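Below is one structure, written out as structure tokens, with a few remarks after it.
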Amino acid sequence: MRSTEAPSPLPSEDPIGLHAFAVLLRRMNAEFNRIAQEFAQAQGLHLTDVQALIAILDDDRDDDAGPMTPGRLRKQLNLTSGAMTACLDRLEKAGHLHRVRAADDRRVVHLHYAEAAKEVARDYFMPLARGTDAARGRFTPEELRVVVRFLAEMNQELAQLRPQ
């Protein structure tokens with residue numbers, strides 16, 4: 001990841017107004033997209049492949065949902081079944097994931113992020129993790145609870161905008 005000079009942290013207008021939030025969220029989203037695109041290029045992947053890996057990684061932490069399946073991932077990424085198959089084929093060929101048939105129903109396929117690939121991603125994204133930790137360190141625990149609550153609420157609102 002290369003470092004670029006960041007724009008001013010807050011818009012000059014009302015810093016807690018809707019416009020200021022929109023600007024800051026767009027800036028953060030653009031930076032995350034840039035970093036993901038650079039990782040994709042470094043790994044010879046498509047940006048969609050990286051989005052799939054992120055979804056699989058995040059899903060591994062959600063015990064209630066069970067392992068990620070191609071169907072759930074396809075729906076989450078809003079891809080056609082053909083595009084999903086091509087994405088999974090690329091990721092498997094590159095060693096980033098493996099498909100495992102469910103023991104209780106061989107028709108069901110579970111997707112797992114390969115451990116070696118997790119290490120590659122961990123190494124690549126370490127500067128982002130350090131930056132995130134540095135930013136977190138500039139807030140009190142109470143402020144961080146509010147930030148986490150805001151992000152959780154934003155994620156809920158965004159999820160409601162998904163097509164059913």
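Owing to the predicted nature of the structure, the values given are computational and were not obtained by experimental measurement. The chain is numbered in sequence order, starting from 1. Values below: every heavy atom of this structure, side chains too, minus hydrogens, waters and symmetry copies.
Taken together through direct or relayed side-chain contacts under 4.5 Å among Ile, Leu, Val, Met, Phe, Trp and Tyr, Leu47 and Phe125 form parts of separate hydrophobic clusters. When hydrophobic clusters are built by joining Ile, Leu, Val, Met, Phe, Trp and Tyr residues whose side-chain heavy atoms come closer than 4.5 Å, directly or via intermediates, Met28 is not grouped with Val148. Placement of Leu73 and Val100 in two distinct hydrophobic clusters is found when ILVMFWY residues are connected by side-chain heavy-atom separations under 4.5 Å, directly or transitively. Under the 4.5 Å side-chain heavy-atom criterion for grouping Ile, Leu, Val, Met, Phe, Trp and Tyr, Leu151 is connected to Phe32 within one hydrophobic cluster. The same ILVMFWY cluster, assembled from side-chain heavy atoms under 4.5 Å apart, contains both Leu128 and Val50.
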Could you tabulate the donor-acceptor pairs under 3.5 Å formed by side-chain atoms of residues 108-119, not counting sequence neighbours?
residue, atom, partner, partner atom, Å
Glu115, OE2, Lys118, NZ, 3.3

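Put simply, the side chain of Arg74 never gets that close to the backbone of Ala83: no donor and acceptor are under 3.5 Å apart. Without hydrogens or angle criteria, Asp49 side chain to His46 main chain gives a donor-acceptor distance under 3.5 Å. Looking at Arg90, its side chain never comes within 3.5 Å of a backbone N or O of Gly44 through a donor-acceptor pair.
Considering every non-hydrogen atom in both Ala55 and Gln76, the closest pair reads CB-NE2, 3.5 Å. Here the closest non-hydrogen pair linking Arg99 and Glu92 is N-OE2, 3.4 Å.
Taking CG of Leu45 as the reference point, atom CD of Gln37 lies at 10.0 Å (rounded to 0.5 Å). Of the inter-residue distances, the one linking Asp89 atom CG with Met84 atom CE reads 9.5 Å to the nearest 0.5 angstrom. One finds the CG atom of Asp104 at 10.0 Å from the CZ atom of Arg107 (value rounded to the nearest 0.5 Å). Rounding to the nearest 0.5 Å places CZ of Arg72 at 5.5 Å from OG1 of Thr69. The distance from atom CD1 of Ile54 to atom CG of Leu57, rounded to the nearest 0.5 Å, is 8.0 Å. Distance check, rounded to the nearest 0.5 Å: CD1 of Ile56 to CD of Gln51 gives 12.0 Å.
Under 4.0 Å is where a charged nitrogen must lie from a carboxylate oxygen, and between Asp133 and Arg136 at least one such pair does. Salt bridge Arg34/Glu38: present, at least one basic N to carboxylate O contact under 4.0 Å.
Cluster partners of Leu144, using a side-chain heavy-atom cutoff of under 4.5 Å among ILVMFWY residues and allowing indirect links, are Phe139.
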